[in-house]
Amino acid sequence: MLFDGFGRKIDYLRISVTDRCNLSCFYCRKNGIEGFPRNEILTFEEIEFIVDIFKNEFEIKKLRLTGGEPLMRKGIDSLICRLCSKGLSVNLTTNGILLFKFAKFLAEQGIGVNLSLDTLNHNKFKFITGFDFLDYVLDGLEQFLSNGGNLKINTVVLKGVNDDEIFDLIDFAGKKGVEIRFIEFMPFVGKDVWSSYFVSEDEIKSRIERKGNLVFLGNGSSTARVYLFDNRVRIGFISTVTRPFCDSCSRIRITSDGKIVLCMFDDRGYSLKKFLRPEFDGDALRKFIIDIVKKKPRGFVDLKDKMAKFEMIKLGG
Ligand code: SAM
């Protein structure tokens, strides 16, 4: 097992499989930032080698694939099959544009999908993401659900953009029978952008409570607190800014170019490449991970005044 310097057990690995994305959300991607050179991106063999170490040596059981947009990575289905065959719980975070292509496959593999969906309005979708692709997302969602897939909607609430859609989104989730999680906008692309769009959990909750009953159900995961709205829709809140969950953080991240990032708000990444290229060195990698995890910062509570060096698109949300 892996423990950091604060005694927190680390048992959740998030791997970004690409830094490419087919959307350009204004709050996620800074203009003019170059992608990693292709030869820097971890190969599937390298990803598997890392995952094997985490699973076999450190008993990591939960794995999330993210990006960039993970479904854009060529051959992602074969990587998913290989990871699932290891007995890991594999989940995926996606913008859903390509979900229609993988819906049946992902549902059959039992992959839990977190679908990022900030709006149901075509114009707003284009404003947020730069593209008029909402119909692809809705189609993917339908196909995934009709194949029996397990899905949650993740919505970043942005003042003056989609905060008037909170009920439309709750209604939509209710009709589809899925949980919706409202995510507080985190300070990633610049403090000015952040402060003009930020809406707190308390604000979202008080608007919801004006319309109906919110009953606390419990902690859905280490990050989300889940409520039941009007006895019919599960609503989660992920509130990194106003209710940071650093003390129960159990996760570390690996960027698509092979760096361990210990906290989203840390400005350091620790490259694993020297243990992968020119040849795999499992023993040295294992020792490196044990030492590096000890450096995991306490979290947002200590680092919030530093602007994150990594963009979300590179880090994986
Ligand atoms: N492309 C995939 C997707 O859209 O789900 C995975 C990567 S994306 C970076 C993951 C999530 O991070 C998305 O739900 C996105 O809305 C969220 N995100 C990006 N920037 C954010 C920020 N500053 N605060 C909160 N969430 C953010």
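We number each residue from 1, following the sequence as shown. Predicted, not measured: the structure shown is a model, and the values here were computed from it. Remember, it's 1-based here, ligands and their atoms both numbered in the order they're listed.
- Side-chain N or O atoms of K175 include none that pairs as donor or acceptor with a backbone N or O of I170 at under 3.5 Å.
- Of the possible donor and acceptor atoms, one in the side chain of D4 sits under 3.5 Å from a partner among the backbone N and O of F6.
- Residue T66 approaches ligand 1 through these ligand atoms, each under 4.0 Å from one of its heavy atoms: 6 (C), 7 (C).
- In this structure, N154 has no heavy atom closer than 4.0 Å to ligand 1.
- Between R298 and D266 there is no salt bridge, since none of the side-chain N atoms of the basic residue sits less than 4.0 Å from a carboxylate O of the acidic one.
- Residue-to-ligand polar distances place Y27 within reach of ligand 1: an N/O pair is separated by less than 3.5 Å.
- Contact annotation for T94 and ligand 1: only backbone heavy atoms (N, CA, C, O) come within less than 4.0 Å of the ligand.
- By the 3.5 Å distance cut-off applied to N or O atoms, G68 is counted among the residues near ligand 1.
- Residues S16 and G67 share a closest heavy-atom pair of OG-CA, 3.4 Å.
- Here the side chains of V199 and F182 are not in contact, with every heavy-atom distance at 4.5 Å or above.
- Residue contacts with ligand 1: E69 is placed with a nitrogen or oxygen under 3.5 Å of a nitrogen or oxygen of the ligand (distance criterion only).
- Here's the thing with P70: none of its N/O atoms is less than 3.5 angstrom from an N/O atom of ligand 1.
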Apply side-chain hydrogen bond (donor to acceptor under 3.5 Å, both in side chains) to E165 and T119, showing your working.
CA-CA 7 Å; E165 274 192 89; T119 178; 2.5 Å; yes
